[in-house]
*Asks:* 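The structure under discussion is supplied below as structure tokens; questions concerning it will follow.
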Amino acid sequence: MSMQSPLPLYELAKQSLWKSKAIASTALYDLPILTFHDIFMDAFMGEHNEVLKMWARKRKASVHLYCEKVTITSSAVFTILKLLLAVQVDSIHELDVFSDWGQKSMKVFVPQLKKMTNLHTFHFSSLSPEEFTLPLKNKWHSRIYAFHLGQLKNLRELPIDDVFFLRRNLHKIFRIQTPLEALSLSSSPLKESDLKHLSQCVSTSQLKSLSLRRFSMKSFNPETLQVLLDKLANTLEALVLEHCEVTDSQLLAILPALSCCSQLKTFSCYGNHFSLSILQVLLHLTTGLSWLTQGLYTAPLESYESNIPKQFVHPEQYPQVCAELAEVLKAIRPSLKVLLCT
């Protein structure tokens, strides 16, 4: 014989609202605002339509929730649309979408973006390039996102992670004219032509933060990144180039442009494996960047037992390398915080 635990008092109180219109009507003006939001969503999803109509009449208007941040992790797009009907969509400032949607779901949802007229940050992720490889799908998705992003006049931050349709299509996404403050592109199959476009479009002309992570730049002409850094020399405060297979020669080529980023405060090239001599050159560069306070780098190749990075740290060489770099910092910039990771 199984015993069920009694419902919490709060749940019992909510149930009584649905059973009695009189109680629901009286409680409307006595509920704390956060409790009202919780009960309203229960009523909406539970289709207690009579209670909703009564509340709407009491307020002499439709009841909408003010919500500054919305996070979507579900693939049930029609349920999401139903929830959004209860939200004052122009109150949304930040939207995070972490869902692997198909073409039909995206076609239904993406037009909702144009209603979010005050959207400041739009983060979308989990549209994996490993699962979607058809060129026609790539073009369709990039076009539909580009069209609706172009209507977001207040958009300032755009993090895009693990999205399949960016390859050779970034120029379509960045037709938007609104100057962004922060851009993050991660784990998406970008080509050199995509990176070139970033240095040409209006929306990236005033970036304060640029993050490029987990796609290979090994075959890129370093001039491509150099031109982009030249463009951002007066505004860039944070630069992240992580796990991009940047080589010694590429880093050397972009150092002059990097040295002109006068507002730079943080710089990370973690996950790229450089030689000790190149890392020393990079540290010397920091003397001219007066605002730079923090750097994050991978331990140089001389720290490992073999030439294959991320194998085994050499128990004697690694401490010696760290000591050499510490001496360099002590001599040129003792206030700079540098994290050296394996």
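These values consider heavy atoms only, across backbone and side chains, with no hydrogens, waters or symmetry-generated copies.
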*Asks:* Determine whether V328 and L340 fall in the same hydrophobic cluster, where Ile, Leu, Val, Met, Phe, Trp and Tyr are linked whenever their side-chain heavy atoms lie under 4.5 Å apart.
*Replies:* yes
*Asks:* For Q206 versus T235, what's the shortest heavy-atom pair and its separation?
*Replies:* C-OG1, 3.7 Å
*Asks:* Does the side chain of F109 reach to within under 4.5 Å of the side chain of S105, using non-hydrogen atoms?
*Replies:* no
*Asks:* Applying a strict under-4.5 Å side-chain criterion to I, L, V, M, F, W and Y, I'd like to know whether I332 and F274 cluster together.
*Replies:* yes
*Asks:* Return the set of residues passing ring pair (Phe, Tyr, Trp, His ring centres under 6.0 Å) with H314 (not counting sequence neighbours), or none when no residue passes.
*Replies:* none
*Asks:* Is it possible for you to say whether V97 and V108 belong to one hydrophobic cluster, with membership spreading through side-chain heavy-atom contacts below 4.5 Å?
*Replies:* yes
*Asks:* Are there over 12 heavy-atom neighbours, none belonging to Q200, within less than 6.0 Å of that residue's CD?
*Replies:* yes
*Asks:* Could you check whether any side-chain heavy atom of L158 comes within less than 4.5 Å of a side-chain heavy atom of F124, counting everything from C-beta outward?
*Replies:* yes
*Asks:* Is there side-chain contact between L228 and L232, with at least one heavy-atom pair below 4.5 Å?
*Replies:* yes
*Asks:* Does the S303 side chain pair with the main chain of V313, one donor and one acceptor, at a distance under 3.5 Å?
*Replies:* no
*Asks:* Quick one: does F267's side chain get under 4.5 Å of V240's, heavy atoms only?
*Replies:* no
*Asks:* Nearest 0.5 angstrom please: N234 CG to S205 OG, how far?
*Replies:* 11.5 Å
*Asks:* Please name the pair of heavy atoms, one in S91 and one in C67, separated by the smallest distance, quoted to 0.1 Å.
*Replies:* OG-N, 2.9 Å
*Asks:* Tell me the side chain to side chain donor-acceptor pair (under 3.5 Å) pairs involving residues 223-233, sequence neighbours left out?
*Replies:* E192-T224, T204-K231
*Asks:* For A326, check side chain to side chain contact (heavy atoms under 4.5 Å, CB included) against everything at least two apart and list the hits.
*Replies:* none
*Asks:* Would you say the side-chain atoms of D248 and S275 include a donor-acceptor pair closer than 3.5 Å?
*Replies:* yes
*Asks:* By the rule that ILVMFWY residues connect when side-chain heavy atoms come within less than 4.5 angstrom, directly or transitively, which residues belong alongside L339?
*Replies:* Y270, L296
*Asks:* F220: what forms a ring pair (Phe, Tyr, Trp, His ring centres under 6.0 Å) with it, not counting sequence neighbours?
*Replies:* none
*Asks:* Looking at every heavy atom in both P159 and T121, which two are closest together, and how far apart are they?
*Replies:* CD-CG2, 4.2 Å
*Asks:* Are side-chain N/O atoms of S216 and E245 paired as donor and acceptor at under 3.5 Å?
*Replies:* yes
*Asks:* Decide yes or no for M116 and L95: does some side-chain heavy atom of the first lie under 4.5 Å from some side-chain heavy atom of the second?
*Replies:* yes
*Asks:* Could you give all pairs that pass the salt bridge (Lys or Arg N to Asp or Glu O under 4.0 Å) test and reach residues 83-98, with sequence neighbours left out?
*Replies:* K69-E94, K69-D96
*Asks:* At what distance, to the nearest 0.5 angstrom, does CG of L279 lie from CG of L251?
*Replies:* 8.5 Å
*Asks:* Contact between I92 and N118 at the side-chain level, heavy atoms closer than 4.5 Å - yes or no?
*Replies:* no
*Asks:* Does any pair with a residue in residues 212-221 pass salt bridge (Lys or Arg N to Asp or Glu O under 4.0 Å), and if so which ones, sequence neighbours excluded?
*Replies:* R213-E242
*Asks:* Kindly say whether D162 contributes a backbone atom to a donor-acceptor pair with the side chain of S125 at under 3.5 angstrom?
*Replies:* no
*Asks:* Should I72 and F98 count as side-chain neighbours, where that means a heavy-atom distance under 4.5 Å?
*Replies:* no
*Asks:* Applying side chain to side chain contact (heavy atoms under 4.5 Å, CB included), can you list everything that pairs with L336, at least two apart in sequence or on another chain?
*Replies:* T286, L292, L329, R333, V338
*Asks:* Output every pair passing side chain to side chain donor-acceptor pair (under 3.5 Å) with a member in residues 250-266, not counting sequence neighbours, ordered by first then second residue.
*Replies:* T247-Q250
*Asks:* So, for N272 and C244, which heavy atoms are closest and what is the spacing to 0.1 Å?
*Replies:* OD1-N, 3.0 Å
*Asks:* At what distance, to the nearest 0.5 angstrom, does OG of S211 lie from CG of L239?
*Replies:* 8.0 Å
*Asks:* Could you please spell out the steps behind the side chain to side chain contact (heavy atoms under 4.5 Å, CB included) verdict for L241 and I254?
*Replies:* CA-CA 12 Å; L241 303 173; I254 68 170; 4.2 Å; yes
*Asks:* Could you pull out the closest heavy-atom pair between L180 and L207, with the gap in Å?
*Replies:* O-CD2, 3.6 Å
*Asks:* Find out whether L276 and L301 are in side-chain contact, i.e. whether some heavy atom of one side chain is under 4.5 Å from a heavy atom of the other.
*Replies:* no
*Asks:* Rounded at 0.5 Å granularity, tell me how far CG in L225 sits from OG in S199.
*Replies:* 9.5 Å
*Asks:* Over all heavy atoms of both residues, which pair between A299 and Y318 is shortest? Give the atoms and the distance, please.
*Replies:* CB-CE1, 3.7 Å
*Asks:* Would a single hydrophobic cluster contain both L258 and W291, if residues Ile, Leu, Val, Met, Phe, Trp and Tyr are joined by side-chain heavy-atom contacts under 4.5 Å?
*Replies:* no
*Asks:* Check step by step if side chain to side chain contact (heavy atoms under 4.5 Å, CB included) holds for L236 and L229.
*Replies:* CA-CA 8 Å; L236 195 62; L229 292 178; 4.1 Å; yes
*Asks:* Show every salt bridge (Lys or Arg N to Asp or Glu O under 4.0 Å) that has at least one partner inside residues 321-332, sequence neighbours left out.
*Replies:* none
*Asks:* Output the distance between atom NE2 (H273) and atom OG1 (T298), rounded to the nearest 0.5 Å.
*Replies:* 5.5 Å
*Asks:* Quick one, H123 with D161, criterion side-chain hydrogen bond (donor to acceptor under 3.5 Å, both in side chains). Give me CA distance, side-chain angles, the key distance, then yes/no.
*Replies:* CA-CA 8 Å; H123 181 189; D161 303 323; 2.6 Å; yes
*Asks:* Could you tell me the separation between the CE atom of M217 and the NZ atom of K191, rounded to the nearest 0.5 Å?
*Replies:* 13.0 Å
*Asks:* Would you sort out whether Q280 and L325 count as a side chain to side chain contact (heavy atoms under 4.5 Å, CB included), showing the intermediate values?
*Replies:* CA-CA 7 Å; Q280 288 174 332; L325 293 175; 3.8 Å; yes
*Asks:* Can you list everything that forms a side chain to side chain contact (heavy atoms under 4.5 Å, CB included) with V281? Sequence neighbours excluded, please.
*Replies:* L252, L255
*Asks:* Show the numbers, then the answer: is there a side chain to side chain contact (heavy atoms under 4.5 Å, CB included) between S249 and I278?
*Replies:* CA-CA 9 Å; S249 59; I278 294 299; over 6 Å; no
*Asks:* Are L81 and V87 co-members of a hydrophobic cluster defined by side-chain heavy atoms under 4.5 Å apart?
*Replies:* yes
*Asks:* Can you list the residues that meet the side chain to side chain contact (heavy atoms under 4.5 Å, CB included) rule with S74, with sequence neighbours excluded?
*Replies:* A76, I80
